[in-house]
S.K.: 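Here it is, the structure in full.
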Amino acid sequence: MIAEAGISSDLLHIAEKVKAGQRITDEEGLLLFEKASLGFVGSLANEIKQRLHGDKVFFNRNFHIEPTNVCVFSCNFCSYSKLYAKKEEGWEMSIDQMLHMVKQYDGKPITEVHIVGGVHPKMNLQFFADLLKAIKAHRPELHIKAFTAVEYDYMFRKAKMNVEEGLKFLIDAGLNSIPGGGAEIFHPEIREKICADKVDADGWLLIHETAHKLGIHSNATILYGHIEKYEHRIDHMRRLRELQDRTKGFNTFIPLKFRNKDNDMSYIHESSVVEDMKMYAIARIYLDNFPHLKAYWPMLGRQNAQLSLSFGVDDIDGTIDDTTKIYSMAGSEEQTPSMTTSELVALIRQVKREPVERDTLYNEIKNYSTTADADVQLN
Ligand code: V47
Ligand code: SF4
């Protein structure tokens with residue numbers, strides 16, 4: 001076991017594989033979590049990111065609709081359902097109210113609406129199909145990225161449809177892609193402890209695989225930094241990597257840092273920034289078939305999102321406009337998550353990267369690396 005500048009031979013072997021563009025094994029992924037320094041994984045991840053995307057950092061212009069925080073499930077990490085259970089705060093929106101939100105963006109160059117919320121027992125498949133149709137009738141070109149596999153699993157079962165039938169029904173109504181939520185930790189040992197009653201790993205993966213086969217893309221997440229061990233993170237990413245080998249349907253992987261305010265897991269300390277950056281870097285190294293790695297700034301905070309750009313991340317999501325509550329309720333420092341395009345561009349430029357506005361499917365809309373500051377807000 002020798003060393004080059006104090007680095008063990010097994011780590012050096014991993015570095016050689018990564019530099020040669022080869023896939024690392026589960027054991028090697030685990031070794032990176034357990035033994036490698038932040039500098040080591042960071043520089044490998046950055047090399048991969050540069051190879052894939054150069055200096056480009058992607059963002060989009062989007063807003064969120066959260067139809068309800070009422071939820072039939074009781075995930076222990078969720079600050080949404082906790083508040084609802086205590087009857088402190090609960091909302092349910094009608095189709096008209098949600099359409100009103102969409103209309104607020106008339107004339108603005110928004111390209112995506114992201115719809116996700118709790119699983120309300122009365123909001124069924126037909127309700128959501130009607131919502132999608134109403135949005136498309138008003139603004140046909142707006143990309144609708146909607147509902148997690150958890151929401152689908154519940155609404156399809158209630159409608160007595162299988163996954164393919166249910167997804168086809170919603171695609172006909174206007175669904176364009178699927179966000180990555182609800183994945184949490186796939187391994188049953190952990191899943192049973194943090195979200196026992198919702199769709200399991202196989203159910204989550206089946207919904208995404210079916211969506212990919214029907215021609216729509218999706219994202220994938222991991223909820224890390226609570227009771228899981230490194231081996232559970234690797235197990236989670238292995239299942240995603242295997243599915244991606246079969247379908248190529250995932251756009252981006254989004255590690256979500258567990259936030260501990262006002263939920264049944266509040267006794268757990270949140271992960272350190274070093275641990276967060278390691279998670280990003282190792283995800284970039286392990287998930288060699290995922291084109292993009294996203295840092296979701298409303299959850300991570302904008303400074304740490306900026307830092308993540310040196311640890312394999314090439315995407316920092318969108319403008320958001322204060323429309324998501326999931327993270328502010330769970331304790332993120334971003335209590336009113338909203339960034340204008342010029343703020344996002346400045347954040348990316350500050351670390352000498354090229355800001356590129358994208359659509360949901362990563363088609364480039366505008367490269368801001370040469371745009372004068374004064375023009376950014378207008379464009
Ligand atoms: O599945 C809930 C997470 C997810 C907490 O696809 C928490 O582009 C941390 O998936 N601490 C929903 N995380 C959000 C989501 C997402 C977000 C942004 C972009 C995309 C995308 C998807 O939020 C849930 C859960 O994993 N979450 N509570 C918490 N206390
Ligand atoms: Fe419901 Fe989602 Fe919260 Fe779980 S994480 S309780 S499914 S809103």
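Ligands are counted one by one from 1 in listed order, and the atoms in each one are counted from 1 as well.
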S.K.: What about I254: any of its N or O atoms under 3.5 Å from an N or O on ligand 1?
M.R.: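 No, no N or O pair falls under 3.5 Å.
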S.K.: Y286 ring centre to R241 NZ or CZ under 6.0 Å, with the angle to the axis within 45°?
M.R.: yes
S.K.: Quick one: does N263 get within less than 4.0 Å of ligand 1, heavy atoms only?
M.R.: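 True for this residue.
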S.K.: Under 4.0 Å from a heavy atom of F77: give me the atoms of ligand 2 that qualify, with their elements.
M.R.: 5 (S)
S.K.: Under 3.5 Å, is there a donor-acceptor pair linking the side chains of E354 and N367?
M.R.: yes
S.K.: Could you say whether the N/O atoms of F77 and ligand 1 ever approach to under 3.5 Å?
M.R.: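 In this structure, F77 places an N or O atom under 3.5 Å from an N or O of ligand 1.
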S.K.: Is N263 reaching over with its side chain to a backbone N or O of R259, donor-acceptor style, under 3.5 angstrom?
M.R.: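 Present.
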S.K.: Which residues satisfy the ring pair (Phe, Tyr, Trp, His ring centres under 6.0 Å) test with H217, sequence neighbours excluded?
M.R.: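 In terms of ring pair (Phe, Tyr, Trp, His ring centres under 6.0 Å), with neighbours along the sequence ignored, H217 is linked to no residue.
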S.K.: Are E209 and T247 close enough that a side-chain donor and a side-chain acceptor fall under 3.5 Å?
M.R.: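 No, because no side-chain N or O of E209 sits under 3.5 Å from a partner of the opposite role on T247.
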S.K.: Under 4.0 Å from any heavy atom of K294, which atoms of ligand 1 are there?
M.R.: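 Matching atoms, with element in brackets: 8 (O), 21 (C).
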S.K.: Regarding H292 and N251, is there a side-chain donor-to-acceptor distance under 3.5 Å anywhere?
M.R.: no
S.K.: Between the side chains of N289 and D245, does any donor sit under 3.5 Å from an acceptor?
M.R.: yes
S.K.: Nearest heavy atom to atom 10 (O) of ligand 1: which of S79, A220, G181 does it belong to?
M.R.: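 Closest candidate by heavy-atom distance is G181.
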S.K.: As an exercise, identify every atom of ligand 1 less than 4.0 angstrom from a heavy atom of T221.
M.R.: 10 (O)
S.K.: Go through ligand 1 atom by atom and flag the ones less than 4.0 Å from a non-hydrogen atom of K257.
M.R.: 9 (C), 11 (N)
S.K.: Could you list which atoms of ligand 1 come closer than 4.0 Å to a heavy atom of F258?
M.R.: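 Numbered from 1, ligand 1 contributes 9 (C), 11 (N).
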S.K.: Under a 4.0 angstrom heavy-atom cut-off, which atoms of ligand 1 come close to G182?
M.R.: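 By the 4.0 Å cutoff, the relevant atoms are 1 (O).
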S.K.: Find all atoms of ligand 2 within a distance of less than 4.0 Å from any non-hydrogen atom belonging to G118, and give their numbers and elements.
M.R.: 8 (S)
S.K.: Among N62, I222, N60, L223, which residue places a heavy atom closest to atom 13 (N) of ligand 1?
M.R.: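 When every heavy atom of N62, I222, N60, L223 is considered, L223 comes closest to atom 13 (N) of ligand 1.
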S.K.: So, H138 versus D106: side-chain donor-acceptor pair below 3.5 Å or not?
M.R.: yes
S.K.: Within the structure, is a non-hydrogen atom of M299 found at a distance of less than 4.0 Å from ligand 1?
M.R.: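 Under 4.0 Å: no for M299.
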S.K.: Which of the numbered atoms in ligand 1 are below 4.0 angstrom from a heavy atom of N219?
M.R.: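 Checking each atom against N219, I get 6 (O), 8 (O), 21 (C).
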S.K.: Got a sec, which residues hit salt bridge (Lys or Arg N to Asp or Glu O under 4.0 Å) with D202, two or more places apart in sequence or on another chain?
M.R.: none
S.K.: Ignoring angles and geometry beyond distance, decide whether R259 reaches within less than 3.5 Å of ligand 1 through its nitrogen or oxygen atoms.
M.R.: yes
S.K.: Verify whether one side chain among S310 and N46 offers a donor that lies under 3.5 Å from an acceptor in the other.
M.R.: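 The criterion, which ignores hydrogens and geometry beyond distance, is not satisfied for N46 and S310.
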S.K.: For atom 26 (O) of ligand 1, which candidate among K261, E184, M265 holds the nearest heavy atom?
M.R.: E184
S.K.: Which of the numbered atoms in ligand 1 are below 4.0 angstrom from a heavy atom of K145?
M.R.: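 Those atoms are 8 (O), 21 (C).
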S.K.: For S272 and E275, test the side chains for any donor-to-acceptor distance below 3.5 angstrom and give the result as yes or no.
M.R.: no
S.K.: Taking N, O or S atoms only and a limit of 2.8 Å, check whether C71 reaches atom 3 (Fe) of ligand 2.
M.R.: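 It does not: C71 brings no N, O or S atom closer than 2.8 Å to atom 3 (Fe) of ligand 2.
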